[in-house]
A.B. asks: 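Structure provided below as structure tokens; questions to follow.
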Amino acid sequence: MDFRFSESEEEFRQELLDFLDRELPDGWGEGPVPSPDEEWAETLRMRRKLAERGWLTMHWPLEYGGQGASTILSLIFNEEMSYRGAPGRDAFGARMLGPTLMIYGTEEQKRRFLPSVARGEVQWCQGYSEPQSGSDLASLSTRADDDGDFFRVNGSKVWTSLAHRADWMMVLVRTDPDAPKHRGISFLLVDMKSPGVEVRPIMNMAGTHEFNEVFFDDVQVPKTNLVGEQDRGWYVAVTLLDFERSGIEYAATSRRLLDDLAAFVRESRGGIDGWVADALAERYVETEVARLMAYRVAWMQSEGMVPNREASMSKVFGSETFQRVADTGMKVLGLHGQLTEEDRWAPLAGRIQDAWRHSFSNTIAAGTSEIQRNIIASRGLGLPR
Amino acid sequence: MDFRFSESEEEFRQELLDFLDRELPDGWGEGPVPSPDEEWAETLRMRRKLAERGWLTMHWPLEYGGQGASTILSLIFNEEMSYRGAPGRDAFGARMLGPTLMIYGTEEQKRRFLPSVARGEVQWCQGYSEPQSGSDLASLSTRADDDGDFFRVNGSKVWTSLAHRADWMMVLVRTDPDAPKHRGISFLLVDMKSPGVEVRPIMNMAGTHEFNEVFFDDVQVPKTNLVGEQDRGWYVAVTLLDFERSGIEYAATSRRLLDDLAAFVRESRGGIDGWVADALAERYVETEVARLMAYRVAWMQSEGMVPNREASMSKVFGSETFQRVADTGMKVLGLHGQLTEEDRWAPLAGRIQDAWRHSFSNTIAAGTSEIQRNIIASRGLGLPR
Amino acid sequence: MLKTSAREVLAREFPFEAVRSMEEDARGYTPELWRSMSELGWLGLVVPEEYGGAEGSFLDLGMLLEEMGRALTPGPFFSTVALGALTVMDAGDEAMQSKLLSGIANGETIMTMAVTEGSGGFGPEEVRLRAERQGRGFALSGRKLFVPDAHVADYVIVAARTSEGADATEGITLFVVPMKEKGITVTPHRTMALEKQSRLKFNEVRLPANSALGTVDEGWPALQRALQRAATAKGLEMVGGAEAVLDMTLEYLKDRVQFGRPVGTFQALQHHCANMAIDVEGSRYAVYQAAYRISEGLPASREVSVAKAWVSDAYMRVCATAVQCHGAVGFTAEHNLQLFTRRARVQEQLYGDSGFHRRRLAAGLRG
Amino acid sequence: MLKTSAREVLAREFPFEAVRSMEEDARGYTPELWRSMSELGWLGLVVPEEYGGAEGSFLDLGMLLEEMGRALTPGPFFSTVALGALTVMDAGDEAMQSKLLSGIANGETIMTMAVTEGSGGFGPEEVRLRAERQGRGFALSGRKLFVPDAHVADYVIVAARTSEGADATEGITLFVVPMKEKGITVTPHRTMALEKQSRLKFNEVRLPANSALGTVDEGWPALQRALQRAATAKGLEMVGGAEAVLDMTLEYLKDRVQFGRPVGTFQALQHHCANMAIDVEGSRYAVYQAAYRISEGLPASREVSVAKAWVSDAYMRVCATAVQCHGAVGFTAEHNLQLFTRRARVQEQLYGDSGFHRRRLAAGLRG
């Protein structure tokens, strides 16, 4: 494994940093955490700028409107975007739907759906979890019944990020209720404007609207929107779970939070001493280790290896590191740490408490730490099931 | 729950402390950890003294040569003996065999075996674990075949503390190989001088001989040495596991180690500061919590309640606390911590590294932390199996 | 018995819906709630009989606080009783007691206490707000932060510096300040847990000589005792909260089915629960021990620091583990768990976090 | 490739039985072992070609050290090569190099380095042993502790204080001292891990002027680089050890049956192993990064501290978890696991433990 970036990689990083300095609103990431509406407006604006440079889908092959960028370039892109808290990336369209369609989509599907993603014009979301199917995803019960040229979809999805902003959704549905649970699932693309789709917000502990429930009441979906074979959708979904999960976002956001905290302590208390110094240094070591674990995953991919336990280890360690940094932040700030951005005396404009409140989801979303540790042990270390 | 001892309880504590001051060899517990032979000689000497005062079996009813002492007095006895590292107590005869015979023994067995225990004249040991049966104790395979007035025992036991010093052994054997695993086990008393009994030492990481393997080759055991009903020995053994497990030994030895460490740092470095102060204070809080958890168990017993999850919680927390204290000790002493008692510059005569090396067994012996947590969750908190 | 009946009453009269609506309420409680507490005898629980109270012990109050911690009961009960009444009873002369205690017991008087300033700490060095002698009285100038329920209080006990001594414990005086006094500005903080705390600014606030609670310049021992009671009382609330969180987690794990079996059968989650139970159990007895010693009038500084050092971190661990056991529902706004988690983070800091109390204990190890 | 062949050679020629017997041996290695290492080219691996070496990189040496950590290879390889040869190559002039390096490469010369004194630390303030100028040479008086393999060394590099500067980094000089010099007393320490370390006492030990390694009074930069290499090289051994411990644990859990199934099927033990794997993986890349930077001649102080801070604690966690996974056999003398566990505890401290390196990093955060 290399521990130095090539010259062209460093050049790209610098180009990206210059771009962010130029394009991000003044003081972005330094004031209060933006409201969801502000964040969304910036997301749309920045996404267009990223698309103009081809960066939104830089990791796609040239033929689909990408730049064929290496996983290392992609890692740098994600690292710097995450560190700056820069809006605009497209997790669902560019990083999930795109690669999936490239493998499983028909020519017609690729022509129809990929260009709008590359141009940053469409928001996708992902309908996997259901109220009764969380870690045990394959037990999902939203069903799609055959109705001639259409499927008729009934059921509901939950924890659907961005469903309230989305134009389209990738949905896992049950098309054969009698088959073993992994074998009767199909992968559909659903227009969120279809009659019968209803989105209800779920508020989280941080008081923001990030997740949704989505209800399907006799929603008609054309069969041309089926990706891959009918009843084989589980395998489409699993392929997709393995794309591009280096975990660098956890390392980069952890490091940013830590740098902000260290700067605040240094400026407001005249120095970093005693237990605070020890705690911050301990977190610093962890963020470095998290970064290296993410680099390792990307490096394996760039060498054509398939990360397996490495991706899960990076996810577990990175997400838990973010929690530890946020926890240390709350301890370091003491009673002032509880003040929200609405309070003018809030240190760092309340960003630490906001991060702490959001941090709980890190070890649950995208596979709980328990599920990840199961994967590391059984798939990764070969322990018997 | 009371948080103060009665006057008579405090008087007993003082009497015990005076006794220990008088009877323990000068500087006991302050120099190097005694060799096993030294320790054993002191054990025999102190055991006679304890027996003279009736303390060895103070928790036994008067009719069996005890003092009918409350569990609280017994707790105090164990706490102070542990804190001083005083030899002489009798875990196997006084605390395991005695109560078991009182419930399951015949009149003849009680008359035959209890008085010598109360007088401190006999050493018992316990043959439970086998090479293939550790946490899964009930899968044991040492068998006892019917042979007229005798059982004929074949097989082996492992991790048998004190087998090389013992006169007698409580052994779990399989008497019905065809029954379900918990239902074919019997509880036998075996004379260690019987032909066919062989004891082989197991050396541990600390370089001392504490455990043994014990082999049985056609050992004849009279049927009068069967405790309880044949094939019902599992239930005899289980009853026994629940006696007197407050966990106070873990709390008291942890506290002693911590006090020694704090005194050493104070004297050799002129004060306790910085990270060392924080670490020692953290350990201090834990030893206090461990002590309270053990008191809680004893208090429940003294009120006629049956501790269940409380005993397991005290065991887990106490044993892990001891490990944390020993670990902190090694960190605090730095490179000097590695010096053994044979090195004249060893801090605290090498006692910290000795404790650290022994500490690993705390979370394994007498039910691993994993087994204890299973018990807490299922038997204690009612989570489904 | 008080504990059981309190649990029933709280579940009935102050359900979680009320807790939620009070988070958004500027006042943070309803007059009906306060009246109920007065009628139940809770406000006078520890007040001497001569002032209309039940003369209960600190342990009696503790059992009630534990239940309130379990129910997250909103309102200025803690401030009025645990900070106000007990401090007046401990340090106030008869005149002061007769002025304040009856009103507390009958629900007319709301009190609080203001200690911490810039650093958010609770040591004697934290008291810098100046009280200058003016004639026979005093004038207070300075600010106090994070004062609970000050926005609705009638009186606030203010720790002020009346002289500079050789060390920070000397020269502290406690004053009982009517909140209607001129020169006091109350600015509510905006906090994560949405409990009500305020920033108080004192601008030459004039007080008569008899406003002092106890002897001028010698207020530290009384303040120290007040902070020990406060830390322990807060610890009791936290024990109740921690147990509630464990209970709701166990319920969830028994019901929730994944992979064809209750998720509570998975060993990883069982061990999470075992760890939570150990934290709850340890917290309970560490805090009970401190409460017992305070209740009996025994020296308690070591036991209080052990208790608050432990419960502060243990309760946070319990909440974090509970969220992990719940999965995604655990951090939704609609689930009650987040009400506890947000509060645990603030309670961790109140009257000293684990580091603060460990540093106190380390000073003892040094001795 | 070096890594694979080294693993095979070590497993064949230096099995664990040899490790065990060398623990009890006063010398700690056999001449045959040393000859083998010389013949394999390991002793000269990093030595320049002109002195009979292979001129390998620090990373090449690292791969070998990792395998030695995995095999617990006894003997003064680390001392001679990682402490001795590399420091002479870094700081010595041509005369010094030609005097020492050929002997190291061909197995005739054993070296070591003596830094730490009373506190067992590795900062510049630790260097207090005095070297007084005497004529054109020096006289050394003082003591050094925990000097690895000093009992068999031909030369020891001693960090001494030749003058007092404004700060502790000034006035340090490195000397190459022949161990046969009069006035040196070697007292072997008795240690838990049974690796060979000694206490050295210097009583007016006379050295000619050309004994200094580099410039007099300006030895700190070279010593600092030497300590960075030492911490990283030790970290590489630890990575090898940690992986060996994980591997033996996985094997055990796959084979051992309890409750009718391999214990490796229990989720609690699976998660223990996942945590061990995370610690091993994190350690590997943290240490590799430091080794890479040293190998490339890049500034590495931050990366070395990250690496040693992490691997020190991670390796101890791995060993402790491994013992727990093994149950009782894990702490028997006959099981190889305890060989690793005892060494891990000492390696944790060598060239700075996690706290030492965190304090270095914190100084950077302050900047």
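So that the names make sense, note that chain A is the first sequence line, chain B the second, and so on, each numbered from 1. Only heavy atoms go into these numbers, but all of them, side chains included; no hydrogens, no water, no symmetry mates.
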A.B. asks: Given the options A/Q323, A/M330, A/H358, A/R269, which has more heavy-atom pairs under 4.5 Å with chain C than any of the others?
C.D. replies: A/M330

A.B. asks: If you count heavy-atom pairs under 4.5 Å with chain C, which of A/S133, A/S359, A/A206 comes out on top?
C.D. replies: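 Most heavy-atom pairs within the cutoff with chain C belong to A/S133.
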
A.B. asks: Can you tell me which portion of C/T341 sits under 4.5 Å from chain A's heavy atoms? Options are side chain, backbone, both or neither.
C.D. replies: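 C/T341 touches chain A through backbone and side-chain heavy atoms alike.
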
A.B. asks: Checking C/L337 against chain A: side chain, backbone, both or neither under 4.5 Å from a heavy atom?
C.D. replies: neither

A.B. asks: Could you tell me which of C/H335, C/H326, C/H272, C/R199 has the largest number of non-hydrogen atom pairs under 4.5 Å with chain A?
C.D. replies: C/R199

A.B. asks: Look at atom CZ of A/R143 and say whether more than 12 heavy atoms of other residues, nucleotides or ligands are closer to it than 6.0 Å.
C.D. replies: no

A.B. asks: What part of A/S369 lies closer than 4.5 angstrom to a heavy atom of chain C: side chain, backbone, both or neither?
C.D. replies: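 For A/S369, backbone and side chain are both near chain C.
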
A.B. asks: Among A/D327, A/L258, A/T321, exactly one meets side-chain contact (heavy atoms from CB on, under 4.5 Å) together with A/R283. Which residue is that?
C.D. replies: A/L258

A.B. asks: For A/Q132, which atoms come within 4.5 Å of any heavy atom of chain C: side chain, backbone, both, or neither?
C.D. replies: both

A.B. asks: Tabulate, in ascending numerical order, the residues of residues 244-260 of chain C having at least one heavy atom closer than 4.5 Å to a heavy atom of chain A, or enter 'none'.
C.D. replies: C/R256, C/V257, C/Q258, C/F259, C/G260

A.B. asks: Does the ring of C/F78 carry C/K234 above it, NZ/CZ under 6.0 angstrom from centre and within 45° of its axis?
C.D. replies: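 Yes, a cation-pi geometry.
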
A.B. asks: Taking side chain as everything from C-beta outward and backbone as N, CA, C, O, which of these in A/K181 sits under 4.5 Å from a heavy atom of chain C? Side chain, backbone, both or neither.
C.D. replies: side chain

A.B. asks: Got more than 12 heavy atoms from elsewhere within 6.0 Å of CZ, A/R385?
C.D. replies: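 It does not: A/R385 CZ has 12 such atoms or fewer within range.
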
A.B. asks: Measure from the ring center of A/Y235 to the ring center of A/H182 and say whether it is less than 6.0 Å.
C.D. replies: no

A.B. asks: What's the shortest heavy-atom distance between A/Q338 and A/L335, and which atoms?
C.D. replies: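 Where A/Q338 meets A/L335 most closely, the heavy atoms are CG-O, 3.0 Å.
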
A.B. asks: Of all the heavy-atom pairs spanning A/A349 and A/P32, show the shortest one and how long it is.
C.D. replies: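 For A/A349 versus A/P32, the nearest heavy atoms are CB-N, 3.4 Å.
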
A.B. asks: Specify which of C/Q338, C/Q324, C/H189 makes the most heavy-atom pairs with chain A at under 4.5 Å.
C.D. replies: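 The candidate making the most pairs under 4.5 Å is C/Q324.
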
A.B. asks: If I compare all heavy atoms of C/A328 with all of A/I364, which pair ends up nearest, and what's the gap?
C.D. replies: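 Between these two residues, the closest heavy atoms are N-CG2, 3.5 Å.
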
A.B. asks: Does any backbone or side-chain atom of A/L339 lie under 4.5 Å from a heavy atom of chain C? Answer side chain, backbone, both or neither.
C.D. replies: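 For A/L339, heavy atoms of backbone and side chain both lie under 4.5 Å from chain C.
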
A.B. asks: Report which part of C/A193 has an atom under 4.5 Å of a heavy atom belonging to chain A: side chain, backbone, both, or neither.
C.D. replies: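 For C/A193, neither part sits under 4.5 Å from chain A.
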
A.B. asks: A side-chain contact here means heavy atoms from C-beta on lying under 4.5 Å apart; do A/W234 and A/L137 qualify?
C.D. replies: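 Answer yes - side chains close enough.
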
A.B. asks: Would C/Y351 and C/F122 count as a ring pair (Phe, Tyr, Trp, His ring centres under 6.0 Å) if you check the C-alpha gap in whole Å, the side-chain angles of each, and the deciding distance to 0.1 Å?
C.D. replies: CA-CA 6 Å; C/Y351 316 112; C/F122 291 92; 5.3 Å; yes

A.B. asks: Which region of A/R357, side chain (C-beta onward) or backbone (N, CA, C, O), has a non-hydrogen atom less than 4.5 Å from a non-hydrogen atom of chain C, or is it both or neither?
C.D. replies: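 Answer is side chain: those atoms of A/R357 sit under 4.5 Å from chain C.
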
A.B. asks: Would you please classify the geometry between the A/F211 ring and the C/F331 ring as parallel, tilted or perpendicular, with 30° and 60° separating the classes?
C.D. replies: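 Tilted: the ring planes of C/F331 and A/F211 meet at 30° to 60°.
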
A.B. asks: With C/T73, which residues qualify under side-chain hydrogen bond (donor to acceptor under 3.5 Å, both in side chains), at least two apart?
C.D. replies: none

A.B. asks: Under a 4.5 Å heavy-atom cutoff, which of A/H336, A/Q353, A/M203 has the most pairs with chain C?
C.D. replies: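 Option with the top pair count is A/H336.
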
A.B. asks: Tell me the closest heavy-atom pair linking C/R143 and C/E117, and the distance in Å.
C.D. replies: O-CG, 3.4 Å

A.B. asks: Quick check for you: among C/G327, C/S312, C/A268, which has the greatest number of heavy-atom pairs under 4.5 Å with chain A?
C.D. replies: C/G327

